[in-house]
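Before any comments, here is the structure.
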Amino acid sequence: MTHPLDALKGKMPYLPPDMLIDRYSFTGDILSYGRCSKQYGKFKYYGFSKALPIQAWFGDVVHMTIELLFRQVKGDIKDSLNSISSGTLPSDDDVEFHATESMNILKSKGMFGRKADREFVLELLKVFNLKEGLSFYKRIIKSEVRLETIISPSTGNRPYIMNGIIDVLASPTPGVIEIWDYKAMVKPPSGDPKLTSLENQMYNYVEIVQSLFPKYTITTAVLYFINELGPKGTGNPVHKIDLTSSTVSTCITAARDDANDVVEEIRKAKLTGTFPDPPKGSVDVKTCDACEWRWHCTSASKTYTLHAP
Ligand code: SF4
């Protein structure tokens, strides 16, 4: 059976002028394409809008609120009592105040969370604030660090710009940097491909951070899975990667090669207008559960039935 979208294939050509260099975000392109090439094609390339970007909303609330809490501790912005309270641990009211502000900003951009999601994320943020506490905020030397670099693959393929954002650069001791990235999800088990992809994200960022902060030694990458702080979580949200290990340069090279391969796949898909359908069952069920394509997708990992609201 032909799909209605088949008629569009190849008719939205990707023809960047020769002098332009294409750019890719690690999370928005490399990870996203790796999660599901078909979903990436539909939403990122063909531009179908997502009706319920709840995962993005959740992650944005987490990132924005922690950033505001850090700025409150730094003394840059006021707390829930309209005072400057630098150097003190934010209260639960402060967490709620900043989380509400974050949600209102997202609302103004058309991104909403359901009541249950709003309550859940707020509880997670309160636990985060108490658990990591003042010592965490005080270790932060920079947050929301934008990274951008030109990658020239050793295979001779065309260079591209890789960009990304590091949530936090923390300095536990002078001269040392840790890279922190919050993930609004539960921690995947060791060896799970999802965890490997996230580790590869960190490996891809290490050299860029090192070039920006040449006087520091980057010792650790921390993936912080905030959903582990919820009632069903393990209470252990941290996954650490030792960047002083002797195998680290091999991991960095392998991660960079993987990213280069994905970029080539994306380029090929854009040129032909065809984004491969993943084999049925190969995409993570949670990704399909949140995908608007799931009811009629032949690659979906389970069968979805349409219900009247
Ligand atoms: S339903 Fe699943 S397999 Fe199909 S496009 Fe969406 S994420 Fe991909």
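Whatever order the structure lists ligands and atoms in, that order sets their numbers, starting from 1.
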Using 2.8 Å as the cut-off, note every protein N, O or S atom close to atom 8 (Fe) of ligand 1. Cys36 SG
Please state whether the rings of Phe275 and Tyr45 are parallel, tilted or perpendicular, taking 30° and 60° as the class boundaries. tilted
Could you tell me how the ring of Trp180 sits relative to the ring of Tyr224: parallel (under 30°), tilted (30 to 60°) or perpendicular (over 60°)? parallel
In terms of heavy-atom contacts, Val62 and Val121 come closest through CG2-CG2, 3.8 Å
Please give me the minimum heavy-atom distance between Lys38 and Pro278, naming the atom from each residue. CB-CD, 3.7 Å
Short N-O contact, Glu119 and Lys115, less than 4.0 angstrom: yes
Among side-chain atoms of Thr247 and Ser245, is any donor-acceptor pair under 3.5 angstrom? yes
